[in-house]
Amino acid sequence: MKSVLMVAEKPSLAASLANILSNGRNSTRKGSNNACSVHEWSGNFRNENVHFKMTSVCGHVMTLDFVGKYNSWDKVDPVELFSCPTEKKEATAKLRMPAYLAQEAKGCDYLVLWLDCDKEGENICFEVMNSVSRIIRNVFSDSVTYRAHFSAITEKDVKHAMANLGHPNENEAKSVDARQELDLRIGCAFTRFQTKFFQGRYGDLDSSLISYGPCQTPTLGFCVKRHDDIQTFKPESFWYLQMYAGNPEVALEWARGRVFKKEIAMMFLNKVKESKEAKVESVSSKELYKGRPQALNTVELMKAASAGLGLGPHTAMQIAEKLYTQGYISYPRTETTQYPANFDLMGVVKILQNSSEFGEEARNIANDFNPPRKGVDCGDHPPITPMKLGNRSDFDNDAWRIYDYICRHFLGTISRDLKYKSTTATLKVGMESFSCTTSVLLDPGFTRVMTWQAFGKNESNPPFVEGEMVAINDVKMIESQTGPPDYLTESELISLMEKHGIGTDASIPVHINNICQRNYVTIASGRKLIPTTLGIVLVHGYQKIDAELVLPTMRSEVEKMLNLIARGSADYKSVLRHAVEIFRLKFLYFVQNISHMDGLFEVSFSPLAESGKAHSRCGKCRRYMKYIQTKPARLHCSHCDETYSLPNGGNVRVYRELKCPLDDFELLAFSSGTKGRSYPLCPYCYNHPPFRDMPRNSGCNMCSHPNCAHSLYTLGISSCVECESGVLVLDCTSAPSSWKLCCNRCDVIINVFKNATKVQVDEGRCDCGAQMVNVTYKSEKTKFKDGSEEKTGCIFCSPDFSHLVEKHRAIVSRPAIVNVRGRGRGGGPGGKSRGTRGRAKQPKDKMAQLAAYFV
DNA sequence: GCAAGGTC
């Protein structure tokens with residue numbers, strides 16, 4: 001029997017598609033990469049009985065990057081990034097996606113691609129085909145590989161797609177390749193150049209990266225534009241008339257609104273004052289509606305979360321994704337605002353009826369169902385809806401508020417519109433008209449459940465009868481001033497991004513997060529975005545040099561070019577070459593004219609030489625260098641005009657005035673807090689590693705100096721109990737009050753021998769592979785049970801030491817993923833070659849015992 | 001250390 005491999009864009013979709021296509025009769029097993037599942041069943045394909053295997057990728061399989069040597073910021077001139085070679089790498093190494101796909105493709109004769117029906121999905125089709133090209137013969141042939149085109153995940157649509165398979169569209173895929181290459185070359189070239197340029201000149205920029213990107217920079221541009229509007233706003237005086245009449249008295253508005261000349265307002269005032277009475281020209285009522293919402297999509301959820309719940313889009317989406325994986329809501333990343341035709345709206349209402357929070361509203365709607373408004377089906381996923389009932393106590397507060405919002409919004413979409421009666425009375429005095437409008441609620445409709453949108457006050461009708469003359473109680477001329485706009489709210493920013501096609505539903509939160517993390521904007525109360533000096537100066541700088549660099553149209557212009565590729569009306573290579581050349585020239589012009597931007601930096605920031613405070617001695621001139629603690633942390637020697645970067649996210653202090661034997665620079669002790677990692681480092685070696693096997697930006701715990709007292713050679717104890725290639729190194733920087741072993745690669749920390757006066761690494765080695773240590777206590781303070789002052793032994797094996805060893809992880813750590821069984825390291829190529837003198841071999845089962853501590 | 005796009 002032949003086999004058909006089918007691939008969806010994500011695991012959840014593979015499951016839904018398999019259920020539809022197999023009519024619910026498929027078996028499921030976990031894929032070898034632990035992220036994907038495989039659903040299998042037998043069926044008919046092209047008039048043959050076949051075995052179907054439906055699995056998925058997790059988004060893109062591959063990502064684009066420069067080839068290795070171009071990743072060095074120091075050795076590569078950024079302009080080279082416009083022409084240097086690039087390569088595709090696995091997008092997420094951990095998932096081993098190409099290998100997984102190849103494995104599942106074994107024995108398959110056909111490939112059916114169920115990736116999302118957009119250009120990115122088309123591109124992933126080819127990533128999948130390339131992954132299995134060695135396994136499935138002729139995978140690039142139309143008789144082997146097929147493409148399903150579906151616009152909704154409904155039985156009707158999916159089965160129709162299966163019965164009408166097409167072929168992947170290479171032009172669309174190519175247009176994505178072009179976009180990736182452009183984004184990479186442009187973003188990295190500008191980012192590296194401006195980061196190096198400004199960090200080499202200023203000490204208080206407070207951002208470790210001065211990034212540029214075709215989405216993030218226009219996003220920042222929107223925030224700065226509003227800031228500029230506020231700054232340049234000139235208030236203008238205006239005048240208007242207000243009339244008071246009726247019983248009870250009401251204020252009536254002037255039909256002319258406002259006038260900007262006082263004399264003119266005065267003239268009208270005098271005219272009106274000539275009359276004592278006004279004629280009620282009309283009193284008319286009409287019924288008005290406030291429409292119920294459309295079905296919820298991602299952008300609307302993010303806007304509501306930001307404006308209504310005070311939750312940023314990043315947080316909101318994290319919560320929504322968790323609600324989705326827990327089964328409370330449907331897939332939360334969608335642009336679609338139209339429920340599928342066969343969607344069981346009442347089924348969802350029934351689920352919500354039992355809620356103690358909005359159950360009553362749900363029950364009302366069950367008896368008074370109103371069909372939803374027509375929305376837009378973008379063919380991605382159905383709108384965001386509740387899937388099962390949750391109670392307040394099932395969630396933390398923010399998750400509850402998001403879930404509650406999604407439920408209420410859903411009920412709102414199938415409620416009636418809000419209906420109210422609006423009554424306007426128009427009064428005439430000579431040629432001048434005045435009016436007042438009052439509203440009366442007739443039907444709260446959807447606001448019964450979306451209570452925050454409730455209709456304000458209920459007013460009584462205007463106290464006038466058509467045709468009557470009424471006395472004018474008073475007429476006033478009122479002076480006022482126009483006011484500046486307020487800062488952009490995050491919700492408004494999301495709307496602007498969506499309108500200009502900056503980012504996608506999935507990437508909008510990322511871009512907003514980026515400009516916050518880079519310290520270009522801060523988020524004030526009410527989730528208003530206030531640009532920082534750095535953000536403002538950057539945008540103004542682009543505007544001075546090349547305003548296009550910050551315009552939202554830049555992205556859409558590039559999209560237009562890319563669409564030519566997608567439609568097949570232009571050649572991929574020539575379009576790409578053309579676009580890269582335009583941006584290369586823009587880059588060169590930017591570099592030539594950077595002084596215009598620098599002029600703005602100069603007045604806002606302090607030069608490096610004036611920043612920071614005297615810290616440790618330079619090995620070249622013996623003068624004190626200055627320590628600049630703001631991001632990025634670094635040392636600056638103003639005499640040598642050299643800058644040495646330092647590790648971020650911790651504290652760096654002078655380490656007992658010790659010196660590096662290689663370059664005479666004073667050693668520093670880095671520490672990320674009392675419970676964090678710590679290690680000594682030489683500022684020169686940290687930036688210019690002296691040995692080939694010492695990576696850049698590492699401390700003495702990575703240094704293979706043969707006899708320096710602080711090197712990995714001298715202080716290494718054993719290979720790490722957790723990570724693949726790390727070595728546990730004795731850290732003496734806080735001695736004698738604290739001694740610890742810190743992994744030089746990961747977050748593992750083992751506190752040892754508290755208050756010992758001396759801990760030395762011994763020449764001898766334990767059977768377990770760990771280096772022996774020699775430990776000395778003051779006689780009156782000894783912790784050894786037999787009262788002796790000094791002992792030599794193994795930290796992991798010696799019974800004398802076991803009560804003096806305390807294991808934990810650094811506070812700033814990634815989640816502990818401990819897999820004791822799977823750790824088959826056996827002193828692989830990592831350990832020895834890094835100059836650990838063969839010392840850092842894996843201690844046998846003792847290390848497994850130790851590792852068990854971390855579970 | 002960089003972009004933006006998928007998704008876990």
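Labels below follow one simple rule: chain letters A, B, ... track the order of the sequence lines, proteins then strands, and each chain is numbered from 1.
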Gap between atoms [atom1] and [atom2], on [X] and [N] respectively (whole Å):
X      : N     : atom1 : atom2 : result
A:I210 : B:dC2 : CD1   : P     : 13 Å
A:I515 : B:dC2 : CD1   : C1'   : 17 Å
A:L562 : B:dA3 : CG    : P     : 19 Å
A:E559 : B:dA4 : CD    : C1'   : 11 Å
A:H314 : B:dT7 : NE2   : C1'   : 13 Å
A:L184 : B:dG5 : CG    : C1'   : 12 Å
A:I508 : B:dG6 : CD1   : P     : 10 Å
A:Q517 : B:dC2 : CD    : C1'   : 14 Å

### Message
So A:K53 and A:E104, do their side chains get closer than 4.5 Å, heavy atoms only?
### Response
yes
Practice item. Measure the shortest side-chain to side-chain distance between A:C58 and A:K10 over non-hydrogen atoms and say whether it is less than 4.5 angstrom. Key: no
Within residues 60-73 of chain A, those residues having any heavy atom closer than 4.0 Å to DNA chain B are A:H60, A:T63, A:L64, A:D65, A:N71, A:W73
Classify the side-chain pair [X]/[Y] by whether it contains a donor and acceptor separated by less than 3.5 Å.
X      : Y      : answer
A:S175 : A:N563 : no
A:K88  : A:T63  : no
A:Y684 : A:E642 : no

Quick one: label [X] by what it contacts on the DNA or RNA (base, sugar-phosphate, nothing), any heavy atom closer than 4.0 Å.
X      : answer
A:P632 : nothing
A:G121 : nothing
A:S208 : base
A:P78  : nothing
A:Y331 : sugar-phosphate
A:Y212 : sugar-phosphate
A:Q180 : base
A:R333 : base

Problem - Qualifying salt bridge (charged side-chain N to carboxylate O under 4.0 Å, His left out) pairs with a residue from residues 58-67 of chain A, counting only residues at least two apart or across chains - result: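 Matches after skipping sequence neighbours: A:D65-A:K89.
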**Nearest-nucleotide comparison on DNA chain B, the residue closer to the 5′ end among A:T504 and A:Q216** =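 Its nucleotide being nearer the 5' end, the pick is A:Q216.
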Per nearest nucleotide of DNA chain B, the residue lying toward the 5' end, A:Q199 or A:G59, is A:Q199
**Request:** Ignoring backbone atoms, test whether A:R518 places a side-chain nitrogen or oxygen under 4.0 Å from the OP1 or OP2 oxygen of B:dG1.
**Result:** no
Short side-chain N/O contact from A:H511 to OP1 or OP2 of B:dG5, under 4.0 Å: yes
Side chain of [X], heavy atoms from C-beta onward: which of [options] has the nearest atom to it?
X      : options             : answer
A:A91  : B:dG6, B:dG1, B:dA4 : B:dG6
A:A506 : B:dG6, B:dA4, B:dA3 : B:dG6
A:D183 : B:dG6, B:dG5, B:dA3 : B:dA3
A:E120 : B:dA3, B:dG5, B:dG1 : B:dG5

Next on the checklist: Over 60° means perpendicular and under 30° means parallel, so tell me whether A:Y403 and A:Y328 are parallel, tilted or perpendicular.
Outcome noted: perpendicular
Check your understanding: In terms of ring plane angle, is the pair A:F82 and A:F587 parallel, tilted or perpendicular, where the classes change at 30° and 60°?
Key -> tilted
Exercise for the section: Flag the pair A:H500 / A:F222 as yes when their ring centroid distance falls below 6.0 Å, and as no otherwise. Expected result: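 A:H500 vs A:F222: aromatic centres under 6.0 Å.
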